[in-house]
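In what follows, a single structure is set out as structure tokens and then discussed.
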Amino acid sequence: MDIIPFPAKIERQAGELNLTPETGILTDTANRWNADFLRGLLSAPSGFPLRVRTGDRAAKNVIRLRLEPGLERLGREGYRLEVRPDAIVIEAPGTAGVFYGIQTLRQLLPIEIEERRPVSGVDWRVPCVLIEDKPRFAWRGFMLDEGRHFQGKETVQLTLDLMTLQKLNVLHWHLTEDQGWRIEVKKYPKLTEVGSQRAGTSITLLGKQHDGIPHSGFYTQDEIREIVAYAAERHIRIVPEIEMPGHSLAALASYPELSCTGGPFKVATHFGIFPDIYCAGKETVFTFLQDVLDEILELFPSPYIHIGGDEAPKKRWKGCPDCQRRIREEGLKGEHALQVYFTNRIAAYLDSKGRHVMGWNEILQDGLVKGAVVQFWARGRERLLEAIRIEKRAVVMSTYLDAYLDHSYSLMPLSRSYRYEPVPAELGENDAGSILGLEFPLWSECVPNRARLDYQVYPRLTAMAETGWTPKDKKDFKDFRRRLEKLLGRLDRLGVCYAPLNEAEPPKVRQWFGIFTIPQPQTGTVE
Ligand code: ACM
Ligand code: ZN
């Protein structure tokens, strides 16, 4: 059966069930939202009314949704799905599990189920099957960088819809960058008045020449609330990223007094790593960041708040009297220790509000507070292993050569993304639990619009979704490719401009020269 991610346990049974105009949905009260979601999904293409009733009676020709505490062994997200000739039953210990059971049922139905208009001539048949399923990892994420290019609400909602189909549960939302600040902060209006706009966009990844076309955009707090609620209904947690101390030029252009030198600065029109970062010596910087975080915490219920922490050059800190005074007064061993001080202070603030700090693996230095979650992307693998073994550090894996969706398919073909194993082979059974899961980030320097976004993300994110969910020993690339054809048919109907398989997996003979010979909409980037 062509299900992605492939279920943990699946048994094909004889027979099938036919959805008919008389088929009903029977739900307990806890799954009322799930029932309405299912109805919305099935009724548009089938034209069947699929009346939703609450209740607990046994009935024929129904899809039944119910909580079943007896299935606790399946965990918070697991479910059991049984399709019999007379009924479909989806049960789970929690509503998230029932929701994922619905996603599986969706993939057992003909691909026309993805149409949002009536489709005639389709047999709405579901093969009889018994599935008991649960995810391998708790963190199955996608990161969207909107600092470099603002995409807007519609694209984010479609992203959430596609994540839903693939049972992904974390949207890591990179909202601030050198090239743009994308979220309204009431106390600091210039962050969006100034910081959300730039004069142009570099026409190459590494050069400075820009196109002179202004780029702008940000989310109001009302829009953020709406998107967070939309995600939460779909059991997707949105983890916001507010970068600090580096990649912060848009904030410094808005409030130059937060820098070491006082500026002035412009929102960046080209890409790379910029020397001007938040000053770690001035108390006003911490007041500002805590105020910003107060508003972020109001908007995002996520237990984890990402603060970036990557690529923060120490040049300005070395020459800044305030930063140097901080180093002396705190007895710190130089500028790298100053970043640990910075991270720990923000971590303590978040901790006082009941949240955990999270950052890229550059934050992993001696003295980093215990609770800080590390997202691994590059360099320092030994350090990471040590932190897992000795400190039991919680980690999300995004190793850049396997996981960065901005890479070209020549450099990172679909098969490479599929084979990515997030648990380092060096770790024993006991330490593997430190790996919360995996996440594929899309850096958007070269992603100006949704078509390009779709092309970079799909089908590689689908490969990741299977690694995040399916037991390791059940993964099989050949079989995945076969099942993928069906899923791509669904993506066609959802209007997704994914990379076709011959481009997602460039032919072997040409792979070596791939960068030059396979046409790409634009060259991918290496961060
Ligand atoms: C990163 O790619 N700078 C996290
Ligand atoms: Zn400073």
Side-chain angles (χ1 to χ4, degrees), residues 141-145 147-148 172-179 205 239 241-249 251-252 255-263 265 268 271-289 306-330 332 334-339 341-343 345 358-364 373-380 384 395-407 411-412 438-447 456 524-527:
F142 168 60
M143 190 207 82
L144 180 61
D145 161 22
R148 274 61 179 260
H172 168 182
W173 205 1
H174 187 84
L175 286 165
T176 71
E177 256 304 335
D178 299 309
Q179 294 81 12
L205 183 63
V239 176
E241 180 178 345
I242 305 296
E243 269 263 35
M244 60 188 86
H247 287 292
S248 300
L249 208 48
L252 301 185
Y255 297 97
E257 62 273 23
L258 301 173
S259 69
C260 290
T261 64
F265 308 103
F271 305 113
I273 300 175
F274 293 82
D276 288 292
I277 66 176
Y278 290 114
C279 177
K282 298 180 179 72
E283 275 307 294
T284 47
V285 169
F286 291 95
T287 308
F288 165 83
L289 289 172
H306 208 300
I307 62 157
D310 59 312
E311 300 178 329
K314 306 298 183 288
K315 187 171 170 187
R316 294 287 184 263
W317 287 3
K318 279 194 208 309
C320 169
D322 294 321
C323 286
Q324 292 305 313
R325 181 167 21 82
R326 177 83 73 197
I327 288 175
R328 277 195 312 279
E329 286 178 3
E330 296 292 330
L332 302 171
E335 289 74 25
H336 285 282
L338 184 56
Q339 187 172 347
Y341 167 88
F342 188 107
T343 309
R345 235 182 112 161
M358 174 162 186
W360 298 104
N361 58 278
E362 283 94 326
I363 68 168
L364 186 57
V373 178
V374 166
Q375 181 166 14
F376 183 76
W377 71 283
R379 295 181 292 272
L384 183 83
V395 171
V396 172
M397 294 296 288
S398 302
T399 313
Y400 78 115
L401 279 175
D402 305 290
Y404 273 24
L405 295 164
D406 40 314
H407 285 152
L411 187 67
M412 195 177 95
L438 74 170
E439 186 178 300
F440 275 26
L442 177 69
W443 298 105
S444 73
E445 285 93 336
C446 301
V447 184
Q456 295 299 125
T525 76
V526 183
E527 295 235 357

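Counting convention: from 1, in listed order, for ligands and their atoms alike. Not measured: the values here are computed from a predicted model. If you read the sequence from its start, that first residue is 1, and numbering goes on from there.
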| said: Is the ring pair Phe288/Tyr278 parallel, tilted or perpendicular, if the boundaries are 30 and 60 degrees? | reply: tilted
| request: Using distance alone, decide if ligand 1 has a nitrogen or oxygen within less than 3.5 Å of any nitrogen or oxygen in His247. | output: no
| said: One thing to verify: whether Glu362 and Lys314 come together as a salt bridge, which I'm taking to mean a side-chain N less than 4.0 angstrom from a carboxylate O. | reply: no
| request: Give a rough value, rounded to 10 degrees, for the angle at the Zn ion (ligand 2) between atoms SG of Cys320 and SG of Cys279. | output: 110°
| said: Does Arg326 qualify as a cation-pi partner of Tyr341, given the criterion of NZ or CZ under 6.0 Å from the six-membered ring centre and within 45 degrees of its axis? | reply: no
| message | I need the contact type for Tyr404 against ligand 1. Using non-hydrogen atoms and a strict under-4.0 Å cut-off, is it side chain, backbone, both or neither? | response | side chain
| message | Need the ligand 1 atom indices (1-based, order shown) with element for anything under 4.0 Å from a heavy-atom of Trp443. | response | 1 (C), 2 (O), 4 (C)
| query | Shortest non-hydrogen contact from Gln324 to Trp317? | reply | NE2-O, 2.8 Å
